[in-house]
Amino acid sequence: MSEFIPTLEFLTLNKLTPSFYKRDTLIVAKDLLNKFFVRKLNDSFCILKIVEVEAYVGNCDQAAHSFIGQTQRNNVMFQTGGQLYVYFTYGMHYCLNVVTSTEGIGDAVLIRAMQPLNCFDILSLNRFNTKEPTHQQIKNLANGPAKICQALNISKNENGIDLQSDFIFLSNNKLLLPEEIIQTKRIGIKKSVDLPWRFYIKNNPYISKK
DNA sequence: ATCAAGATTACCT
DNA sequence: GGTAATCTTGATA
């Protein structure tokens, strides 16, 4: 099964608009699977397919950064959908979220894993300091939330960026069938651990963890 | 001013 | 499977 690699024209024509993000967060989370993430680096458009996400919901989810209310750090989560929320954690890692919902109550979807479709040399240089990744390294380019940010050179500078940008945006792709989506509990949290708000593409080899 | 926790990763046994 | 690395943030005094 070979991957469809869209052209820049296709990606631009099918760019996701604010109406996509300004919906119920759990629906958006599920719909984000299989979408294209586009990031311009060194005059190249890096294209990756989203294969794993987690939803975080401000007013009822103790694991969400926004549960404590609006602060300097989580400020962007309270915007009304279609922005990038980037946070720093463990003293060394950045993670990337998509802000959702119309409510401005602090909802976002964490992108946990992506499947790179092109620009392997650029991503690999950022991750492993080599332009020629091994097969094992290719699988490890973006199969974790902090790996994504390292591979795509995303940090505090990108926090709050609007996803209507021409340099970072998401693009549509076909919806998955329900049987192609696995829903489970989220990973790496200590609060609200039983909420089943992690979604990933069944049998995709670029998932962060089974 | 001080402190504990953290939406992780890489490397070790 | 276990854990060190590393530092910002938000809470408390």
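Proteins get letters first, then strands, A, B, ... in listed order; numbering begins at 1 in each.
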Indicate whether OP1 or OP2 belonging to B:dT8 is found under 4.0 Å from a side-chain N or O atom of A:Arg112. yes

Toward the 5' end of DNA chain B, which comes first, A:Lys190 or A:Phe128, by nearest nucleotide? A:Lys190

Examine B:dA10: is either OP1 or OP2 under 4.0 Å from a nitrogen or oxygen in the side chain of A:Lys147? Give yes or no. yes

Lys NZ or Arg CZ of A:Arg112 over A:Phe199 ring: under 6.0 Å, within 45°: no

Can A:Tyr56 be said to stack with the base of B:dA7, given centres closer than 5.5 angstrom and planes under 30 degrees apart? yes

Counting the atoms with a prime plus P, OP1 and OP2 as sugar-phosphate, which does A:Arg186 contact under 4.0 Å by heavy atoms, base, sugar-phosphate, or nothing? nothing

Compare the minimum distances between each of B:dT9, C:dC7, C:dT9 and the side chain of A:Arg73, then state the nucleotide with the smallest one. C:dT9

Which heavy atom in A:Asp61 sits nearest to a heavy atom in A:Ala55, and how many Å separate them? OD2-O, 4.1 Å

Intra- and inter-strand pairs of DNA chain B in dot-bracket (Watson-Crick or G-U wobble, both distances under 3.5 Å; | for another strand): ||||||.|||||.

Assess A:Arg23 against A:Phe20: is NZ or CZ under 6.0 Å from the centre of the six-membered ring, and within 45 degrees of the ring's axis? yes

Salt bridge check: are A:Lys22 and A:Glu103 linked by an N-O gap of less than 4.0 Å? no

Side chain of A:Met92 - closest among B:dT8, C:dT6, C:dT9: C:dT6

A:Lys40 charged N/C atom sitting above A:Phe167 aromatic ring, 6.0 Å / 45°: no

B:dG6, C:dA11, B:dA7: which one has an atom nearest the side-chain heavy atoms of A:Tyr90? B:dG6

Counting only side-chain heavy atoms from C-beta out, which of B:dG6, B:dT8, C:dT9 sits nearest to A:Lys191? B:dG6

Side chain of A:His93 only, heavy atoms from C-beta on: which candidate in B:dT9, B:dA7, B:dG6 is closest? B:dT9

OP1 or OP2 of C:dG10 versus the side-chain N and O atoms of A:Thr71: is any pair under 4.0 Å? yes

If the threshold is 4.0 Å, N to carboxylate O, is there a salt bridge linking A:Lys209 and A:Glu52? no

